[in-house]
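Residue numbers begin at 1 in each chain, while the letters A, B, ... track the order of the sequences.
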Amino acid sequence: ETVNILMEAVPDTTYIQQLLPEFEEATGIDVNLEVVNYAEMHTKLVPQLVSNSGSYSAIVVDFYWVGEFFKAGWMQPLDDRIAADGFDTSVYVPAMMDLVGQVEGTTYMLPFYNYAMGLLYRTDLLEDEANKTAYMDAFGTELKKPETWDEYLQQVKFFTKDGSYGVVNQGLRPDPIAMEWSNYLFAKGGEFIDDGWHATFNSPEGVAALEDYITNLNDYGPVGAASFSFDEAFNVFSQGQAYSYITYNFFRAAVDDASGSAIVGKGEIMGVPGQTPEEGGSLNGAWGWAIPKSSPNPDAAWEFLKWVESPEIAKKRALLGGSATRLDVFDDAEVIAKYPQTTALKELLLGSHNFPTFTYTPQFVEVLGRELSLAVSGEKSAQEALDAAAAEFDELAIKDGRQE
Amino acid sequence: MAHVTTMERENRRFGWLLTAPGLVLLAAVVLFPIVWAGITSFFNYSLIFPGYDDFAGLGNYAKAADDGEFLHSAWITLLFVVAVVGIQFVAGFVVALMLNDARRGKTVYYLILLCPLLINPVVVGLMWRMILHPTLGIVNWLLGTVGIEPVNWLGAPDMAFWTVVLVDIWHQVSFMVVLLLAGLSALPAEPYEAARVDGATPFQRFWHITLPMMKPVIVVTLLIRMIFAIKTYDIIYIMTRGGPGVATDLISYFIYRRAFVSLDLGEACAMAAMLLIVIAGLTAVLWRSMRQVQD
Amino acid sequence: MASIQLNSVSRIYGQGASAVHAVKGIDLQIEDGEFMIFLGPSGCGKSTTLRMIAGLEPVSQGDLLIDGQRVNDVDPAERDLAIVFQNYALYPHMSVRQNMAFGLKLRGTPGPEIESRIAGVAETLGIRPLLDRKPSQLSGGQRQRVALGRALVREPRAFLLDEPLSNLDAKLRSVMRTELIKLHRKLGTTMIHVTHDQVEAMTMGTRICIMRGGEIVQVGKPQDVYRDPADTFVAGFLATPPMNLIPARIEAAGEGLAVIAPGLSVPVPEAYRAAYAPYTGREVILGIRPEDLFETPEGAAPAAIDCSIETVEALGPETILNVKLGQGGSELAARLPAEGDWEVARQIRLFADSLRMHLFDPETTRKIAR
Amino acid sequence: MASIQLNSVSRIYGQGASAVHAVKGIDLQIEDGEFMIFLGPSGCGKSTTLRMIAGLEPVSQGDLLIDGQRVNDVDPAERDLAIVFQNYALYPHMSVRQNMAFGLKLRGTPGPEIESRIAGVAETLGIRPLLDRKPSQLSGGQRQRVALGRALVREPRAFLLDEPLSNLDAKLRSVMRTELIKLHRKLGTTMIHVTHDQVEAMTMGTRICIMRGGEIVQVGKPQDVYRDPADTFVAGFLATPPMNLIPARIEAAGEGLAVIAPGLSVPVPEAYRAAYAPYTGREVILGIRPEDLFETPEGAAPAAIDCSIETVEALGPETILNVKLGQGGSELAARLPAEGDWEVARQIRLFADSLRMHLFDPETTRKIAR
Amino acid sequence: MKVARLDGLVRHLILAGFSASIALPLLWVLRVSLTDKLTAYRLPPEIGQIGLHNFVEVLTQYDFTRWFGNSVFVAVLATAISLPAAAMMAYATARYRTGGWPLMMMVLSSQMIPPIVLVLPMFLVFTTLMPVPGIIAITIAHVAINLPFMAWIMISFFDEDTRSLEEAARCDGATRWQAFTRVTIPVAMPGIIAAGLLGFILSWNEFLYALILGNHSSQTLAVGLASLETHAGVNIAPLAAATLLALAPVLILLPFLQKYLIKGLSLGALK
Ligand SMILES: Nc1ncnc2c1ncn2[C@@H]1O[C@H](COP(=O)(O)OP(=O)(O)OP(=O)(O)O)[C@@H](O)[C@H]1O
Ligand SMILES: Nc1ncnc2c1ncn2[C@@H]1O[C@H](COP(=O)(O)OP(=O)(O)OP(=O)(O)O)[C@@H](O)[C@H]1O
Ligand SMILES: [Mg+2]
Ligand SMILES: [Mg+2]
């Protein structure tokens, strides 16, 4: 028997690939991982899911497809299987289960890995004595890792000098800019929606967040950041030309990869600081495992899910460098010993905010990305752009029945 | 001639016989999708709730015609197509002419200019993003060494449009060269000899002999390139995602999002149908001008 | 108006083993205003020479001079010659009118003048009703006339005509012949005319240039070449039927000499005796033109030839007899009046004027001077 | 081997106002084994007729029969005819050898036989050294020979030859003429041969078909057509120079009649008097062939003509004089011996055999029967 | 020749300038392929560690050989099938006006619609026809998409000039089919080969259908290379190496077609 899974080319996929022989040996089930570009996954999945005979036994679901897949009924509920096999879902970080586990009380997915966003910053610059004195002279406070959003912004301004930039942004539409700006929104204390699913991100906080964003991008970042995807942005950072970069947590590992980074050992990640040291501004993000309705062999797929999310394998993945979603892995001594940043990542995750997930999340990301991009390129004011996006959001929410 | 002779009937039969394999192939593979898309364009058909119970009539068309973003995309696409096809045609024709008459080095030139065509658009986009990286790219660095300020290739709306045009030209210009060169190499030599003796300068030979005799090939080349340019989407997808703002939001990418991000197939099909009508109109005009030469 | 000079001009197609030496170092001086005829067997290099003069083929070796100026490297467009191509080379996408107007337009000739020149030439060529057709809608002869017309509307320094009348009927051809001669008289433009037609060759040109295998064999006034062919090739080439060439031998006969061949014995006239004496006892080739054979004794020194009729070709105005000399002898052609009692296999006696005979050296094939 | 029959066959190119009526309902019966010559001015429809027979042009009206069977709708490939195209239509991508082998290969002729047939034909045509060249590497005459060769290697039911010798030199042409005649004798295959060459027309064919403006004017044996042209067109078309046609008038002269024209008065011989009597006092056209004009009285009824020499064309074997009749009279051509004291502007007296004169009705242009 | 030499100089200047603007970015790709990502982005450019490790990585760690094999299979097969069909269609239209222009418009209309709206129904067709669409489905799709475009290109190459040659062939006893295949096709070869080459390239680069209709074993180069752009960044150095590897075999094969593509046939012998 063969289990076919469509996956993205990310480190976590590679780790599973490495562990697969164990599974195949234990169960006699072959596993084919079909690896494609992230951008193409959705395009590739949709026809498979629409058709009543797809070829994928299991799939991985990005958090912002969840609403859509749920609404369209493309995923099989897993509760019966979980109950039958006594699979423990309580070990998952709760925010993970919210995001890529349960929808409206039914479990459709098992969280696979998280990519919550954080603030990558340069430890060497913070520790530099000259910087410390200059910073003290300028602001009268000590130069240390920022605890609040405003302190961070101050540092961004400070480090923009001598051909270096305080920050590098990923201004490409739609998802890079939308995801990145979400951190600004949360850091400024704003929220996307209220309880009644009305858009609130065009609030004064939202507008201020966008203005911060535009200032950072245009004044403290490199030319052309408005068109950067994370790759370009990270390259600027990893070439040592920027002090900070708000991005996905898996880039933390890339900082220490000598084949692509000039700042090995000089970068660290933290949660995006909020208005106060207690609040975090990070955006959460994650992938979940699911079994599609069109799965040709759901039982075998479940076998695989059980195996891949078992405590042993989850730990092995983490030890290879994988990104954890389970608290037991985060707290595992061996893992922490090998990757000291694990603790920081856990905190980051715990302090992160979720993006509104509903049927039209992808569409909303498009809209938001477009409007943010228009604002950044100066064709709309921050307020106009956010108002336009909010109006479209409300329409989508109404269409989805979330809003009266 | 009043009556149809057997031979004409035979000709006709033979024509259809030759056409049959192609038609069968097309009918088997693309007929259903086209009809399906046509029908779907009249329904509120979303992939989330697939089904034909919500008839929309011309609603999807009206919506598209009323959609500012869509119209903007159409306008941007028009500019893009004119710029890309125009520049590629002129450059491609010049190169094809030069290459056609060159005595030495043909193969080398040809191999070089064929390379871009053989590179996947996705890779082309990624490579150019790297090369045009505003701070880490070689181009801006080279410009810097001669004292030119770094160019914001993809980050500024106007520039981004032209950057995309430039990259597409780099990638596709050889398409024109290949076709036009094939056309040129099939031209008979005699009229050129006659024209040279008649005292025509190289430009006059080009204008009075090459252009008219090449017209069918030129028309087809322009037509095909135009259709492909309208369908451009990979490069946009990789390089700008339609940004910054909506500066490079070409229509194909727009329709792509409508279909696979919004999953609103009804509307996407309506937009595609509108596009089809426009292109078909253009094609008809070009085809007629081609026939004028043939007759 | 131009003089054209070829100094050891060669043209080699291709390279290496498969190279074709189409023109082999020919020397030729064509004076300004001359009407030069190129004549020679198929494939001898006539078109190639013409195309080199026009600038369409590169000159492989040698120098080509027009009006004393070396033009090997001058573009055809700047040579200002008009050419009628053997294969017509009409512009397929242009109407007959446009085909003819093209060269004039390029020279900036004003529209009305173009029109009137085309009208005139089209009238002469009888293609007036065809002016708006495309070449593909014309018959072979009509195309050829258009090709001719395209050259004639211009006023070039020289006309190069490559068999421009080959596809025309006899009547039209004779009209065209006259027109070309008239044109040449009127304009005085240098003309080079390639033809296979005996009449054209003899009547149109001021000189004939006879080529063979890429080389020039003889150049001269038509009548001179006809009367005094340089070698057996020219003798056998010019005119139809060509000069009869009979392997023979010079023998002493009494007082004088006689040319002896199977079935034939022609006494050498006194006038030639000195010239031919050194050849006594040697093989020669005897040349007699078909029109120098008569039924009745004629001319100053008639020599009788006995023969039998092999074939009779009644051409209308006259009859060509192919006759066989005596036992196993050569075949001769004789041009005789249309009416006569010609019957195949009949024995007849013909007379040749021995003053009009030619002798050639069989080794060099060259004429034995006298 | 095939008989070919055309029953009111027409060909109309195009439609409506610009339609060209290239062939206008011609009737013609070509017997099996005949050698038919098509003759006519450029654009008269010869090629079109040939192409219809070959099946390349649709027959617009009428019936085309081969061996009694209506073939209007039969595919060219099934007619099994071989054609030499006026424009050669050689396959540019094939070598000469392949060009010639193509038709045989299609018929499944075995390889060695193809080879030997090609070798034979190539030998005859003198293109053996060219067998491996591409058509673009050949001279005009060589291409034409290849085109001829391509037809000759086959053994079709009929050969259709469209001016197959027009680009060959006189010598080669006469060789080819003989070869074609031989071939026809040997195979007995029906042949249709379009030519503009007087000699070919007169010597090769069993019959000549003279066309004009899409219609057939006269069909008959070559000598018959020559001796007895149906109308002024045929009279003026066949032969170069053509028959002299002089506007004249028949008048009673004493006992008999005389044909009177400015500067000329020819008594009507007794034999014709009855036939011409009805025309007394009416305009006629007098026809005299150039070769029927002599310097000395000749023939049964010599009539003297006084004229002055206008031009002298010395062709070699003979001389063509253009003379002018008396004061403001017509111009005549006369074919006279090569040697003579011809000088432009000299007054001479020529004699015509009035038994050989023809009279034509100027209205219908048809010959007045006698 | 003096004029000719100047002419040639200008010509080669233009060609060289053009080729350079095409080739320089490719040289940059070559450079990237020989180093690592860090060095590739270093400015001012430094030589760094030069080596073939990226090529090794592409060949060993990625499914490059399979992608490449699949691409070759699909592109070659699709071109081999669609080229003759398209040539026949184009010829019928050019010579016999079969179906007239409405047919050609209809044929081309499939090209005028963004493939994105066609790919889903096509996927549905294929899933009903075969359990798992794969490389065969991709090939068939490519045949159908490239056919109209190739047919259109070729119409203009089957022009009137070949008609008289076909007539000669018909009289030589060739059927319509033989006249077409043995005379017209060879004479129109430059155009046919050009259309074939472009069809091959189109299929080689085609992404959407290959993505949607393919599965893990039938990934083509286009899809495979795209997966080197990961969520965690672009593996630019291996990508550059893979791009060059993919280029090489095609460029090696090409000179064999150059007779038709570049030199042209001298068809001056029609009359
Ligand atoms: N495609 C065509 N369209 C219109 N008219 C045509 C076409 N082809 C030929 N004609 C006309 O038909 C007439 C007959 O042409 P055809 O080729 O039969 O002449 P021909 O007797 O062979 O003349 P030639 O001796 O010059 O070859 C000519 O007047 C010609 O102009
Ligand atoms: N492109 C070529 N390549 C090789 N040989 C060639 C080429 N063109 C012509 N030739 C050869 O050169 C010789 C001269 O050709 P040319 O055309 O000058 O002959 P021609 O005297 O005009 O003959 P014709 O009377 O048959 O037209 C011929 O033997 C021909 O085969
Ligand atoms: Mg020639
Ligand atoms: Mg003809």
So which residue, [options], ends up with the most heavy-atom pairs under 4.5 Å with chain C?
options: D:Arg335, D:Arg227, D:Glu313, D:Lys46; value: D:Arg335
options: D:Pro337, D:Pro241, D:Gly140; value: D:Gly140
options: D:Thr203, D:Ile320, D:Leu168, D:Leu172; value: D:Leu168

(Q) Test of understanding: with salt bridge (charged side-chain N to carboxylate O under 4.0 Å, His left out), list the residues that count as partners of D:Glu291, not counting sequence neighbours. (A) none
Q | salt bridge (charged side-chain N to carboxylate O under 4.0 Å, His left out) partners of D:Asp228, counting only residues at least two apart | A | D:Lys367
Q | Pair listing, salt bridge (Lys or Arg N to Asp or Glu O under 4.0 Å) test, anchored in residues 194-213 of chain D, at least two apart | A | D:Glu34-D:Arg207, D:Arg173-D:Asp197
With only heavy atoms counted, which part of [X] is less than 4.5 Å from chain C, the side chain, the backbone, both or neither?
X: D:Val312; value: neither
X: D:Tyr226; value: side chain
X: D:Arg289; value: neither
X: D:Gln142; value: both
X: D:Arg51; value: neither
X: D:Gln144; value: neither

Which of [options] touches chain D most, by non-hydrogen pairs under 4.5 Å:
options: C:Gly141, C:Gly14, C:Ser18, C:Ala22; value: C:Gly141
options: C:Gly236, C:Ser47, C:Pro222; value: C:Gly236
options: C:Gln137, C:Arg133, C:Arg143; value: C:Arg133

Q | Check: D:His196 side chain, C:Asn167 main-chain N or O, donor-acceptor pair, under 3.5 Å | A | yes
Q | Interatomic distance, D:Asp169 atom CG to C:Leu238 atom CG [nearest 0.5 angstrom] | A | 11.5 Å
**Q.** Residues from residues 38-45 of chain C approaching chain D under 4.5 Å (heavy atoms)
**A.** C:Gly40, C:Pro41, C:Ser42, C:Gly43
Q) What part of C:Glu318 gets closer than 4.5 Å to chain D, counting heavy atoms only: side chain, backbone, both or neither? A) side chain
